[in-house]
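Written below as structure tokens is the structure these notes are about.
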Number of protein chains: 2
Amino acid sequence: MTARASRGRRPGAPDTRAEVLAAARASFGELGFRGTTIRSVAAAAGVDPALVHHYFGTKDDLFVAALEIPVDPREVMAPVVADGPDGAGERLLRALLGVWDDPAIQPGLLALARSLLGDDSGPMVRDAFIPVVVGPVLAQIVADRPEDRIPLVASQIIGLVVARYVVALPAMAQMPAEDLVARMGPVLQHYLTGDLA
Amino acid sequence: MTARASRGRRPGAPDTRAEVLAAARASFGELGFRGTTIRSVAAAAGVDPALVHHYFGTKDDLFVAALEIPVDPREVMAPVVADGPDGAGERLLRALLGVWDDPAIQPGLLALARSLLGDDSGPMVRDAFIPVVVGPVLAQIVADRPEDRIPLVASQIIGLVVARYVVALPAMAQMPAEDLVARMGPVLQHYLTGDLA
DNA sequence: CGCACAATTCAACACATGATGAAAAACATC
DNA sequence: GATGTTTTTCATCATGTGTTGAATTGTGCG
């Protein structure tokens, strides 16, 4: 490892800012907000910690930047909701797997998920994100009784995300996507449209 | 608040150790391992931080003590597995809700869950607890193909626990237990014994 | 009553963290 | 070439964290 002992700008046009952001996303996704230190992010990006502050400001600001996901949830969900409730279970699952399996998107999603699960950033993300962003989308694909069905759908989706991506339990993480869709699709469909007590 | 400015033992027989342990459990369950400081636990228990060390040793030791749950998982699961796979979905769900809704047990469970979800304590708890403790129990109530069914059951249970207790989404947290059992029981049963692709 | 032991606080330490500001190097423009 | 701007590191600060050890107080026993 070459020691960078000299102050001042590095030669060339390195995109150091992007490297810092990527390192931050990975760390927030792995260790959560509190488990992520500015120094560890800087070390992973190969820069001095002061540079992290230079580019992103406070740790909170870095976190907010890390949560910006290069995909519009509405675009992702558009094909899911387009054809109404019938078959929506499978379409929802495929859309979810699509974004979670995209290496450009997953780090940010992981950072968000870890934050929600860890209560790192306080209840604001939790109380704002899920009811405001997720709820209205799901409401378009339930047959009826959204107040009963949506929490059930959400519980299975949360379980899937946690087991497959966040905690990454081997049996779940390694289940082929097609098998997963075939096995969990009917369950989501049941929650969306099936007979519900 | 009376200031305790004097060194030395307090009069009477206060169970300070238990107060510290309860405060620790609550904090670990709410904020995870990293979010919990010795000083905050001591403050919540109304003692000096050194007393936390006196009773429990290191922070890690305190954590381990907080994870000790006053219930044997095997006793909880015995009635679930006694009658085999038929009807096991509902029995499993009732057993789960039983322990999670028990105020003597929930704090420790929350501390454990938060730790698993937050990756606070490293992968050891995750890799040891779920496959070793949970897997063999579930294996007794699946009809066949445990390697396929158990992850699905686990995903729904994880989703339930997270949505209802850990993140405590209102719609899920407030769903009456009987409604929940009636709606999710059949899904768990399907994962355990139903037709699976 | 004296003593040993347990419980409790005070004081302090080493280290880690987020953050700030100045110095230095590279680059672009005139 | 000189200057202004951007990028980068070094040095440092204030604060917080887990932890240790000594001093003090209360209790139980002989």
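Residue numbering restarts at 1 for every chain, and letters A, B, ... go by the order of the sequence lines. What you see is a predicted model; the values in this text were computed from it and never measured. The basis for the numbers below is simple: all heavy atoms, side chains too, and nothing from hydrogens, waters or symmetry mates.
Mapping B/R39 and A/T16 onto DNA chain D via the closest heavy atom, the residue that lands nearer the 5' end is A/T16. Judged by closest nucleotide on DNA chain D, B/S40 is the one of B/S40 and B/G12 placed further toward the 5' end.
Aromatic ring orientation, B/W100 versus B/Y165: parallel (interplanar angle below 30°, classes split at 30° and 60°). In this structure, A/F33 and A/F28 have parallel ring planes: the angle between them is below the 30° cut-off, well short of the 60° mark.
Around CG of B/D195, the count of heavy atoms belonging to other residues, nucleotides or ligands within 6.0 Å does not exceed 12.
If you check D/dT9, C/dA25, C/dT17 against the side chain of A/S6, the one that comes closest is C/dA25. Counting only heavy atoms from C-beta on, B/L51 has its side chain closest to C/dT8 among C/dT8, C/dG18, D/dT20. Closest to the side chain of B/I38, out of D/dG18, D/dG21, D/dT9, is D/dG18. The side chain of B/R7 sits closest to D/dA22 out of D/dG26, D/dT9, D/dA22.
Here the P atom of nucleotide D/dT25 and the CG atom of B/D48 are 15 Å apart, to the nearest Å. Taking atom CZ on A/F56 and atom C1' on D/dT7, their separation rounds to 14 Å, with Å as the unit. Here D/dG4 presents its P atom at 17 Å from CZ of A/R9, a figure rounded to the nearest Å.
Contacts of A/P14 with the nucleic acid, taken as non-hydrogen atoms under 4.0 Å apart, involve only primed sugar atoms and P, OP1 or OP2.
Taking only side-chain nitrogens and oxygens, A/Y55 comes nearer than 4.0 Å to OP1 or OP2 of D/dT8. Phosphate proximity of C/dT9 to B/R10: present, with a side-chain N or O under 4.0 Å from OP1 or OP2.
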